[in-house]
Amino acid sequence: MEILYSSTRDSQKKVTASQAILKGLSDDGGLFVPDHIPELELSMKELADKSYQEIAYEVMRLYLTDFTEDELKNCINRAYDSKFDTKEIVPIKEAEGTYYLELFHGSTIAFKDMALSILPHLMITSAAKNHAKNDIVILTATSGDTGKAALAGFAGVEGTKIIVFYPKNGVSPIQEKQMVTQKGDNTFVVGIHGNFDDAQSGVKALFNDSELAREMEDAGLQFSSANSINIGRLVPQVVYYVYAYAKLLKQGKIKDGEKINVVVPTGNFGNILAAFYAKNMGVPIGKLICASNENKVLYDFFVTGKYDRNREFKLTSSPSMDILISSNLERLIYRIAGNDAEKNAELMAALAKNGGYEITGQMKAELADFYGNYADEKETAARIAEMYENTGYVLDTHTAVASAVYKKYVADTKDDSVTVIASTASPFKFTRYVMNAIDDKYDAMSDFELVDELSKIGNVAVPNAIEEIRTAPVIHDNVCDKNQMKAVVKGFLGLS
């Protein structure tokens with residue numbers, strides 16, 4: 001059955017999946033959503049014997065209905081190939097009776113690899129399907145991981161350019177070095193004086209700049225996005241949770257039909273929204289546990305029904321979650337408003353104007369699937385230390401937030417259902433935070449000395465992604481103020 005996509009702010013205009021992928025963001029500033037969430041056509045028992053690639057096809061074909069079987073399988077096979085450092089590209093590790101879905105074994109050692117490695121292939125296929133004449137300019141803001149994963153995916157891809165903005169002092173040293181050493185004539189990386197929300201708001205403003213759009217059109221260029229606001233990023237993330245359930249079933253950890261809980265460390269809300277989509281496709285998921293760090297805007301929202309970004313922005317040890325405007329939440333707001341684009345647009349206008357909004361009691365009742373909580377910096381560090389002492393398993397800071405929140409959930413609810421925690425990054429990306437949490441004696445070491453020590457104490461090989469940047473030269477040393485983003489983009493594209 002064909003699925004078409006419309007904007008969360010105008011449900012009248014319909015586009016195909018490939019058109020939504022190409023555009024990234026709707027002209028009205030809204031996000032593309034499917035006209036319905038499809039049901040899985042194979043049972044979990046049937047999926048249990050399939051590979052990650054095969055499960056990806058069974059999920060993604062239901063959403064990307066204007067792709068042929070050959071087109072979609074080609075995208076999947078080119079994305080999920082030998083770039084992963086484990087035979088099973090998404091291992092599931094058990095620790096303290098909970099299952100950690102390790103999504104970080106790709107070329108940039110973060111979960112973004114899983115969805116971003118396929119996006120360039122979906123994008124190029126979409127361009128061909130729609131006879132696009134323009135080169136595609138990927139414009140994205142990153143809180144740390146999306147940037148490198150997108151750069152790695154699009155570097156050298158003919159017919160594309162990629163521009164990444166990141167908060168200059170808001171990512172880890174390893175994350176920054178991964179980005180600023182990126183090769184490729186079509187790549188451009190810029191640090192901004194500001195936080196991730198500033199970068200994201202600036203990118204959205206550029207997408208909605210009609211004057212810039214005309215200049216780009218005249219130059220044979222058009223914007224698209226690699227953030228999870230792009231439906232081509234969101235759909236591949238749904239696969240994680242179908243796969244996790246299928247594998248636990250195959251391993252005999254759960255019975256067919258038994259509900260599992262899912263915990264996701266959450267910033268921009270894309271990853272946990274994907275779990276919500278999986279649940280609505282028929283995956284037996286009970287609670288969706290939304291874990292926040294000290295920037296706990298989502299926790300407050302789930303408790304009160306009020307979204308309020310008017311608060312101090314905190315730089316934490318889990319920078320990919322240092323976000324006060326969770327863009328993908330808009331897709332959930334649209335749904336719980338009864339797919340009412342007008343109501344959603346009204347709330348988003350209030351967010352833009354006043355920095356917040358409040359949902360109705362009826363909408364809040366639709367959030368019963370979710371549980372929100374947060375972990376502060378002390379709790380995050382304590383969880384890393386506790387897990388290492390108890391099991392020898394080393395968590396990164398984001399996964400530690402999720403693990404700490406899960407302990408709170410169990411204490412609050414006494415729910416001991418089988419639980420999967422999305423492990424979204426390798427601890428090697430955040431070595432200083434992780435090693436200091438385990439023992440503060442490590443603080444005197446350099447970043448790469450810490451890498452080697454982490455490898456030793458965790459009994460885990462240093463990932464190739466880290467080895468590659470040890471001595472790599474800095475290629476991108478661009479820095480600008482947040483109000484200079486347009487000029488910087490025009491300069492790179494030769495429009496100024």
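What you see is a predicted model, and the numbers here were worked out from it, not measured in a lab.
- In summary, the side chains of N310 and D308 do present a donor paired with an acceptor at a separation below 3.5 Å, with no hydrogens or angles considered.
- Side-chain contact annotation: E330 with T8, donor-acceptor N/O pair under 3.5 Å present.
- Side-chain polar atoms of Y52 and E88 form no donor-acceptor pair below 3.5 angstrom.
- Contact check on R432 versus D447 returns a salt bridge, with a Lys/Arg side-chain nitrogen under 4.0 Å from an Asp/Glu carboxylate oxygen.
- Here the shortest heavy-atom pairing between A422 and L103 reads CB-CD1, 4.2 Å.
- When only modelled atom types and interatomic distance are considered, S225 and N230 share no side-chain donor-acceptor pair under 3.5 Å.
- For the pair K93 and Y100, the cation does not sit on the ring face, since its NZ or CZ is not both under 6.0 Å from the ring centre and inside 45° of the axis.
- Side chains of N268 and N328: a donor-acceptor N/O pair is absent below 3.5 angstrom, by distance only.
- Between F196 and F313, the distance separating the two ring centers is not shorter than 6.0 angstrom.
- Around CG of N459, the count of heavy atoms belonging to other residues, nucleotides or ligands within 6.0 Å does not exceed 12.
- A ring-centre distance under 6.0 Å is not found for F111 and H398.
- Side-chain contact annotation: Y243 with E54, donor-acceptor N/O pair under 3.5 Å absent.
- With rounding to the nearest 0.5 angstrom, the CD1 atom of I289 is 11.5 Å from the CZ atom of F370.
- The two residues A149 and K112 come nearest to each other via the heavy atoms CB-CB, 3.7 Å.
- Not a single donor-acceptor pair under 3.5 Å links the side chain of E467 to the backbone N or O of N464.
- The backbone N or O of V451 lies less than 3.5 Å from no partner atom in the side chain of S455, so there is not a single donor-acceptor pair.
- Each of V190, N478, D198, T140 was compared with F165 under the side chain to side chain contact (heavy atoms under 4.5 Å, CB included) criterion, and only V190 meets it.
- Around the CG atom of D412, the shell of radius 6.0 Å holds more than 12 heavy atoms that belong to other residues, nucleotides or ligands.
- Judged by distance alone, the side chain of S292 and the main-chain N or O of G372 form no donor-acceptor pair under 3.5 Å.
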Side chain to side chain donor-acceptor pair (under 3.5 Å) between Y241 and N271, worked out: CA-CA 10 Å; Y241 304 102; N271 204 351; 2.6 Å; yes

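- With S224 contributing its side chain and L22 its backbone, the two residues share a donor-acceptor pair below 3.5 Å.
- Across T142 and Y166, no two heavy atoms sit closer than the pair CG2-CB, 3.5 Å.
- Taking each heavy atom of I285 and A275 in turn, the nearest pair found is CD1-O, 3.8 Å.
- For T419 (side chain) and S417 (main-chain N/O), a donor-acceptor pair under 3.5 Å exists by modelled atom type.
- For Q182 (side chain) and T187 (main-chain N/O), no donor-acceptor pair under 3.5 Å exists by modelled atom type.
- Ion pairing between D185 and K161 fails under the 4.0 Å rule for side-chain N and carboxylate O.
- Side chains of Y406 and T98: a donor-acceptor N/O pair is absent below 3.5 angstrom, by distance only.
- Although no hydrogens or angles enter the test, the distance criterion places a donor-acceptor pair under 3.5 Å between the side chain of S143 and the main chain of S320.
- Side-chain polar atoms of N261 and Y371 form no donor-acceptor pair below 3.5 angstrom.
- Taking CZ of R331 as the start and CG of L31 as the end, the distance is 4.0 Å to the nearest 0.5 Å.
- Contact record, F492 with I162: CE2-O, 4.4 Å, taken as the closest heavy-atom pair.
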Audit row: N293, T316, side chain to side chain donor-acceptor pair (under 3.5 Å) steps and yes/no: CA-CA 8 Å; N293 65 15; T316 74; 2.9 Å; yes

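- Note that the CD1 atom of I109 and the CZ atom of F104 stand 8.5 Å from one another [nearest 0.5 Å].
- Not one N or O on the side chain of Y63 forms a donor-acceptor pair closer than 3.5 Å with the backbone of I231.
- Salt bridge status for R383 with E96: present, with a side-chain N to carboxylate O gap under 4.0 Å.
- Ring planes of F84 and Y80: tilted class, angle from 30 to 60°.
- Contact record, P319 with S172: CG-N, 4.3 Å, taken as the closest heavy-atom pair.
- Salt bridge K148/E176: absent, no basic N to carboxylate O contact under 4.0 Å.
- The only member of D145, T108, T424, T397 that meets side chain to side chain donor-acceptor pair (under 3.5 Å) when paired with K429 is D145.
- Between D113 and K83 no salt bridge is recorded (no basic side-chain N to carboxylate O distance below 4.0 Å).
- Side-chain atoms of R335 and N280 include a donor-acceptor pair closer than 3.5 Å.
- Taking the centre and axis of the six-membered ring of Y374, the NZ or CZ atom of K408 falls inside the cone set by 45° and 6.0 Å.
- Looking only at distances, no side-chain donor or acceptor of K168 sits under 3.5 Å from a matching main-chain atom of G194.
- The structure places CD1 of I163 at 10.0 Å from CD1 of I138, a figure rounded to the nearest 0.5 Å.
- One distance of note links CZ of F188 with NE2 of H476; it measures 8.5 Å at 0.5 Å rounding.
- Between the side chain of K259 and the backbone N or O of V283, no donor-acceptor pair lies under 3.5 Å.
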